[in-house]
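Some notes on the structure that comes next.
Remember, predicted model here, so these are calculated numbers, not experimental data.
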Amino acid sequence: MTVHMVNAADRHGLVHPSCLAKSLTLWWLLGRQGIPSQLRIGIRNETKKFEAHAWVERDGAALNEPDEHHHHYAAFDAAFSSPPPENR
């Protein structure tokens, strides 16, 4: 449900955030609901153009994009597994 809400906000909003902003939002919202997930960041260098991409995974599956899109990126070995604690 949370994934659908973040994707709907992107499709119907006035601003279309980057993959990093969308992934950080989804990762944070899932963490607030107690749902474990990992923020993944990867890079690729195809056609001499450096590109980076971010996505959220749960149990090894990407949540916020088509299945194969992130496979074109070399993900950093360390995943961010939980949001930082809130300052109160």
Side-chain angles (χ1 to χ4, degrees):
M1 179 63 130
T2 304
V3 174
H4 296 295
M5 290 185 330
V6 171
N7 287 335
D10 177 39
R11 278 192 313 274
H12 302 292
L14 297 175
V15 177
H16 299 288
S18 67
C19 60
L20 180 59
K22 282 177 43 178
S23 295
L24 281 167
T25 301
L26 176 59
W27 178 59
W28 183 81
L29 289 169
L30 291 171
R32 296 285 295 158
Q33 296 174 49
I35 300 171
S37 63
Q38 295 78 39
L39 174 65
R40 301 301 307 253
I41 298 173
I43 57 170
R44 72 178 179 180
N45 187 8
E46 291 185 7
T47 65
K48 298 183 181 181
K49 181 180 176 190
F50 176 80
E51 296 179 51
H53 184 56
W55 64 96
V56 177
E57 289 184 357
R58 177 168 164 80
D59 299 326
L63 299 178
N64 56 330
E65 64 178 47
D67 289 332
E68 296 299 320
H69 184 72
H70 67 283
H71 290 285
H72 299 287
Y73 293 86
F76 294 112
D77 288 337
F80 300 94
S81 58
S82 61
E86 264 193 57
N87 294 332
R88 295 181 189 233

Checklist entry - Can you name the nearest heavy-atom pair linking S23 to A54, along with the distance? => result OG-O, 3.2 Å

Checklist entry - What is the distance from atom NE2 of H53 to atom CZ of R40, rounded to the nearest 0.5 Å? => result 12.0 Å

Next on the checklist: If I take atom CZ from residue R32 and atom CH2 from residue W27, how far apart are they, to the nearest 0.5 angstrom?
Outcome noted: 13.0 Å

Checklist entry - What are the two closest heavy atoms between V6 and K22, and how far apart are they? => result CG1-O, 4.0 Å

Checklist outcome for this item: Residues N45 and F50: closest non-hydrogen pair is OD1-N, 3.9 Å

Item to check | Minimal non-hydrogen separation, Y73 against A52, with atom names | outcome: CE2-C, 4.0 Å

Checklist entry - Measuring from N64:CG to E57:CD, what's the distance to the nearest 0.5 Å? => result 9.5 Å

Checklist entry - Hey, which of L63, T25, L26 is the one that makes side chain to side chain contact (heavy atoms under 4.5 Å, CB included) with T2? => result L26

Next on the checklist: Can you confirm whether L30 sits close enough to V56 that some side-chain heavy atom of one is under 4.5 Å from a side-chain heavy atom of the other?
Outcome noted: yes

